J.: 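Questions regarding the structure given below will be posed in turn.
Fair warning: this is a prediction, and the values are worked out from it, not measured in the lab. Residues take their numbers from the sequence shown, with the count starting at 1.
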Amino acid sequence: MSLLLTAGLGRATGATDGDDGSAWAFPLVVLALAGLGAAGWVAARRCRSAPLIHAAAAAVGAVVLVSVVAVVRLLVAGDDVRWGLGAVWLLLALATGIAGGLWALRPSHKANSPG
């Protein structure tokens, strides 16, 4: 969650603004996706009954939280809100949250190692 908030704050403070793009844009997106995957991993590890649902919900919930803050900031500033970008982030959150959940559920190889 903190990784996602860091990336969101970087966007909200204008670190990725500019006419020609920014060198920060790609690293912040990668950081946000890593945070979403980590949220899915943690949620899946802590839930026994429906780990993938919780993994997806954790990642999507984080994106919704950051998106609400970003939309309010844009509306207060009088800027346009790009709703399509929000939909893309929701799909990315869903995918990376489930990927993190699947990573958490993979079988441990320590039990199968000889020795």
J.: Could you tell me which non-hydrogen atom of Gly101 sits nearest to which non-hydrogen atom of Ala55, and how far apart they are?
T.: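 Shortest heavy-atom separation between Gly101 and Ala55 comes out as CA-CB, 3.8 Å.
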J.: Could you check whether atom CG of Leu92 has more than 12 heavy atoms from other residues, nucleotides or ligands sitting under 6.0 Å from it?
T.: yes
J.: With a 4.5 Å cut-off on side-chain heavy-atom distances among I, L, V, M, F, W and Y, is there a chain of contacts connecting Trp103 to Leu31?
T.: no
J.: Is there side-chain contact between Leu75 and Val81, with heavy atoms separated by less than 4.5 Å?
T.: yes
J.: If you compare all heavy atoms of Gly97 against all heavy atoms of Ala59, which two are closest, and at what distance to 0.1 Å?
T.: CA-CB, 3.6 Å
J.: Between Val71 and Val88, is there shared hydrophobic-cluster membership here, with clusters defined by ILVMFWY side-chain heavy atoms closer than 4.5 Å?
T.: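 Unlinked, Val71 and Val88 end up in two clusters.
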J.: Which heavy atom in Asp80 sits nearest to a heavy atom in Leu74, and how many Å separate them?
T.: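 Taking Asp80 first and Leu74 second, the nearest heavy atoms are O-CD1, 4.0 Å.
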J.: Can you list the steps and then say if Val63 with Leu36 is a side chain to side chain contact (heavy atoms under 4.5 Å, CB included)?
T.: CA-CA 8 Å; Val63 165; Leu36 293 171; 3.6 Å; yes
J.: Do Leu85 and Leu33 belong together in a cluster built from hydrophobic side chains that touch within less than 4.5 Å?
T.: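 Both belong to a single hydrophobic cluster.
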J.: Measuring from atom CG of Leu28 to atom CZ of Phe26, what distance do you get when rounded to the nearest 0.5 angstrom?
T.: 11.0 Å
J.: In Å, rounded to the nearest 0.5 Å, how long is the span from CG of Leu94 to CH2 of Trp89?
T.: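 Nearest 0.5 Å value for the CG-CH2 distance: 13.5 Å.
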J.: Working to the nearest 0.5 Å, report the span between CG of Leu105 and CH2 of Trp41.
T.: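 Rounded to the nearest 0.5 Å, the CG-CH2 separation comes to 11.0 Å.
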J.: Any donor and acceptor pair, going by atom type alone, linking the side chain of Arg46 with main-chain N or O of Ala43 inside 3.5 Å?
T.: no
J.: Tell me, yes or no, whether the heavy-atom count around Asp79 atom CG, taken from other residues, nucleotides or ligands under 6.0 Å, exceeds 12.
T.: yes
J.: Any chance you could measure Ile98, atom CD1, to Ile53, atom CD1, to the nearest 0.5 Å?
T.: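 Result: 9.0 Å between the selected atoms.
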J.: As an exercise, state the distance from OG of Ser67 to CG of Leu90, rounded to the nearest 0.5 Å.
T.: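 These two atoms lie 6.0 Å from each other.
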